[in-house]
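Notes for the one structure printed next.
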Amino acid sequence: MPQRLPDTSTGTSADTAELPEPEPESPHAERLQELLAGLNEPQREAVTHGEGPLLILAGAGSGKTRVLTHRVAFLIYTEQARASEILAITFTNKAAEEMRGRVERLLSRGTRGMWLMTFHAACARILRAEAERLGYTRRFTIYDQADARRLIRRCIDELGIDPKRFTPAAIHSQISAAKNQLHAASDYREAAGSQFEELVADAYERYERELLRMNAMDFDDLLFRAVNVLELYEEVRSRYARAFRHVLVDEYQDTNHAQYRLLQLLVGGGRAPVRGERVQLEGHRNLAVVGDDSQSIYGFRCADIRNILDFRDDFPDARVIKLEQNYRSTQTILRAANAVITNNRGGIAKRLWSELGDGSPVHVRELEDEHAEARFVVGEIERLVDEDPTHPAHAEIAVLYRTNAMSRVIEDALVRREIAYQVIGGTKFYERAEIRDAIAYLSWLANPFDVVSFTRVANSPRRGLGQTSLARIVAHSATTGISVWEAAAAPAEIPGLGAAAVKSLTRFACTMAELAQLVEQRLPVGDLLEAVLSRTGYLEALEAETRGAAEKVIEAQGRIENLDQLVEVAREFDAAASEDDDSLDVFLQQLALVADADSRREDDGLVTLMTLHNAKGLEYPIVFIAGCEDGVFPHSRALDEGALEEERRLFYVGVTRTKRELYLTYARQRSVFGSPTYSLRSRFLDEIPAELTDCEEELVLSRAAPRARAAPRARAGTAAWTGHGRPGGWADSRAPDAPPGRAFRMGEDVVHAAFGEGVVTSVEPGGVIVVRFAGDGSERKLMAEHAPVRRVRSG
DNA sequence: ATCCTGATTTTTTTT
DNA sequence: AAATCAGGAT
């Protein structure tokens with residue numbers, strides 16, 4: 001918020017570069033000594049770097065967060081920056097919280113005023129202050145993935161696009177990618193080469209119009225619009241650029257183009273101008289980025305690894321510091337990780353080393369199926385906790401997996417053995433229907449144009465306002481240009497609305513008008529939320545269910561509990577928040593950007609379960625990685641898309657979470673979508689030198705022929721044919737490192753020697769693609785490798 | 001408008 | 001196996 005931005009008009013006098021060595025009599029001298037003690041040489045160099053660009057290449061476990069937090073403290077102690085002049089960006093809320101806590105401990109005081117948050121949160125904050133310049137109000141709504149997808153679905157319905165042929169998800173991911181490259185709808189249209197891309201352009205244009213009309217932004221817009229506003233208004237850009245005298249970015253390898261551009265706008269610098277691109281900006285260039293190209297795992301979110309690889313092109317004078325000493329893992333684990341990652345090409349050479357000794361070998365286990373795997377993991381956890389000489393606590397153990405769906409079986413096994421655990425991520429608190437309903441009520445109160453929230457809430461609880469009535473209300477608001485709120489307030493004006501619907505809507509609008517009064521009166525959001533839940537009849541409807549049919553009772557009770565929890569969250573917010581005029585907006589913004597309420601707890605005697613992606617940045621003495629099978633990890637879809645190297649980096653991330661004991665397990669058989677699938681052990685397992693593992697038979701065989709053991713199992717995989725009509729299983733998709741050009745993607749235009757032109761409507765495991773042909777409209781499954789089919793060059 | 005049922009689809013990964 | 005969807009009956 002601009003009013004909170006410090007006045008930095010006073011120039012830069014004493015607080016510039018030259019003070020790595022503190023004056024002995026400086027008031028902070030003692031604290032500075034303390035701060036720098038215990039850092040190794042390169043770490044200290046990074047922490048005490050003065051002004052100007054800084055690239056820290058930080059291998060896994062090399063004390064990256066330590067360097068960042070200490071650097072922030074250093075900047076403040078040496079008075080190179082005040083708290084409010086620091087912008088420190090992380091990728092996840094979890095990381096931001098972690099960092100805030102550690103900085104507070106270092107400074108032994110609060111960090112208020114410091115912008116320590118995710119990219120998205122920082123952008124949202126900038127936009128709440130500046131969005132009016134772009135035609136939004138400051139109370140704009142943030143649509144999450146699900147909301148955005150609903151809206152896209154409506155757009156493509158209205159365009160008459162067959163949602164079977166082009167799914168909302170496929171179109172959304174195209175639009176999302178475009179936004180992350182800072183391509184507006186018009187840019188996308190210009191570049192569109194295929195029929196599919198033309199359709200996406202139509203959808204994109206409409207979607208954008210709708211978002212603006214609804215005064216709403218999706219996640220990608222937060223970045224895109226923030227960049228827009230900084231590019232369009234030099235005065236805004238320079239204000240923020242001056243305000244943030246030091247910008248620090250964690251996980252820089254995961255930045256995408258929009259994020260990259262945002263940073264350039266804030267600090268100046270940038271690559272040589274590309275045609276049509278405005279680069280080369282004035283600025284203080286106090287940008288410190290930390291990252292590890294080997295841990296880049298967000299390519300699917302348009303992360304561009306070149307941002308870190310080319311940092312020195314952007315800032316030729318950048319100081320580059322490598323952190324290569326690992327303080328986390330045993331030598332064995334590091335060797336295993338390094339051995340795997342060397343199979344990737346390119347990247348920045350690093351020599352990670354550790355003084356922690358060899359430790360145990362990597363434990364590799366083959367199990368019959370996912371249930372046996374889960375039992376093994378749980379049994380081993382019990383054994384370690386009871387028998388291991390180090391007596392690890394449950395909290396020191398993490399179980400990692402590739403996809404959220406895999407947690408279930410492991411959870412079951414843990415429950416059976418009565419071991420307490422926590423799942424990070426997965427089914428998120430805020431994705432539950434009742435929570436989303438409650439939030440939608442609040443969103444519509446805050447933003448009367450928010451059609452998505454209105455349609456979610458209007459008939460929940462049941463008020464007899466079905467699809468047809470809702471469509472009429474929305475259409476009326478669109479044609480007359482009034483907000484849905486206003487449209488709903490005057491039901492009689494809406495053409496075609498039935499008498500019953502008019503009556504019902506009148507009542508509903510009245511209730512909402514009353515609640516809007518409460519918003520006007522600045523009721524604390526906790527109280528407001530309670531009022532919403534009771535006056536709209538939402539809670540009542542749920543309570544009615546607890547007295548109804550037996551099966552639904554438990555569920556309804558759970559929902560009520562969840563809502564109580566949300567009220568609790570709101571009350572905590574009220575307690576913490578200052579007396580803001582717009583607390584409802586701030587609260588909603590916070591909810592939109594914080595993924596899960598039940599966040600990670602420590603020292604709680606809980607085993608932790610999470611996806612490999614969620615594990616980034618964390619460490620555990622004991623780590624299990626389950627599902628090390630080709631097709632699962634590396635994921636079959638990643639293989640199809642030629643993203644093997646990214647999967648390998650993900651594996652690297654998983655392995656390097658481990659301090660001491662690493663378990664890699666795989667199952668010969670696993671149920672996928674309810675039907676049994678046979679698979680081979682992950683190729684990544686074979687990339688670990690056998691002498692580092694405890695699987696002795698493997699040692700002999702895999703030296704001779706790495707796939708020797710796998711081969712017979714490939715034949716065992718013949719059962720896949722008898723199994724459940726998934727011919728080939730993963731075995732065929734195994735064509736190692738297939739050139740990325742080979743893989744077909746959904747929506748691509750292709751031409752077949754016999755059937756003519758068509759479009760890829762789905763990509764299946766085993767190199768099978770489904771193509772719908774324009775000629776006769778037929779849909780056929782083809783083996784991508786062998787069928788006489790090729791991609792039509794778009795354009 | 002709502003509810004039921006059978007069919008179809010879903011699983012990457014996250015802000 | 002679970003969740004969502006489409007179509008039809010009430």
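Side-chain atoms are counted along with the backbone in the values below, which use heavy atoms only and exclude waters and symmetry mates.
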Integer-rounded Å distance: [N] [atom2] and [X] [atom1]:
{"X": "A/Arg149", "N": "B/dT15", "atom1": "CZ", "atom2": "C1'", "value": "14 Å"}
{"X": "A/Glu641", "N": "B/dT13", "atom1": "CD", "atom2": "P", "value": "13 Å"}
{"X": "A/Glu251", "N": "B/dT15", "atom1": "CD", "atom2": "C1'", "value": "14 Å"}

C1' atoms of C/dA6 and B/dT11, separation to the nearest Å: 23 Å

Is any side-chain N or O of [X] closer than 4.0 Å to OP1 or OP2 of [N]?
{"X": "A/Asn614", "N": "B/dT14", "answer": "yes"}
{"X": "A/Asn404", "N": "B/dT14", "answer": "yes"}
{"X": "A/Thr611", "N": "B/dT14", "answer": "yes"}

Partners passing salt bridge (Lys or Arg N to Asp or Glu O under 4.0 Å) against A/Glu619 (at least two apart in sequence or in another chain):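 Testing A/Glu619 for salt bridge (Lys or Arg N to Asp or Glu O under 4.0 Å), a comparison that skips the adjacent residues, returns A/Arg328, A/Lys659.
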
Residues that [X] engages under ring-ring contact (aromatic ring centres under 6.0 Å, His included), provided they are two or more places apart:
{"X": "A/His613", "result": "A/Tyr298, A/Phe300"}
{"X": "A/Phe454", "result": "A/Trp444"}
{"X": "A/Phe587", "result": "A/Phe573"}
{"X": "A/Phe91", "result": "A/Phe119"}

Touch class at under 4.0 angstrom, heavy-atom based, for A/Glu646 against every strand present: nothing

Side chain to side chain donor-acceptor pair (under 3.5 Å) against A/Asp157, all qualifying residues, sequence neighbours excluded: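 Scan of A/Asp157 (side chain to side chain donor-acceptor pair (under 3.5 Å), adjacent residues dropped) gives none.
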
Partner set under side chain to side chain donor-acceptor pair (under 3.5 Å) for A/Thr455, not counting sequence neighbours: none

Modelled atom types, side-chain donor and acceptor of A/Asn562 and A/Arg559, under 3.5 Å: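 Checked: A/Asn562/A/Arg559 side chains show no N/O donor-acceptor pair below 3.5 Å.
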
Under 3.5 Å side-chain donor-acceptor pair for A/Tyr652 and A/Asn344: no

Check: protein-nucleotides 1-5 of chain B nitrogen or oxygen pairs below 3.5 Å:
{"residue": "B/dA1", "atom": "OP1", "partner": "A/Gly466", "partner atom": "N", "Å": "3.4"}
{"residue": "B/dA1", "atom": "OP1", "partner": "A/Ser469", "partner atom": "OG", "Å": "3.0"}
{"residue": "B/dA1", "atom": "OP2", "partner": "A/Thr468", "partner atom": "OG1", "Å": "2.9"}
{"residue": "B/dT2", "atom": "OP1", "partner": "A/Gly464", "partner atom": "N", "Å": "3.2"}
{"residue": "B/dT2", "atom": "OP2", "partner": "A/Asn459", "partner atom": "ND2", "Å": "3.0"}
{"residue": "B/dC3", "atom": "OP2", "partner": "A/Arg462", "partner atom": "NE", "Å": "3.1"}

B/dT9 pyrimidine/purine six-ring stacking with A/Phe673, under 5.5 Å and 30°: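 Stacking is absent between B/dT9 and A/Phe673, given that the ring centres and planes do not meet under 5.5 Å and under 30°.
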
Face-to-face stacking of A/Tyr298 with B/dT13, centres under 5.5 angstrom, angle under 30°: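 Stack criterion not met.
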
Can you give me the N/O atom pairs linking the protein to nucleotides 2-10 of chain C at distances under 3.5 Å, or say none if there are none?
none

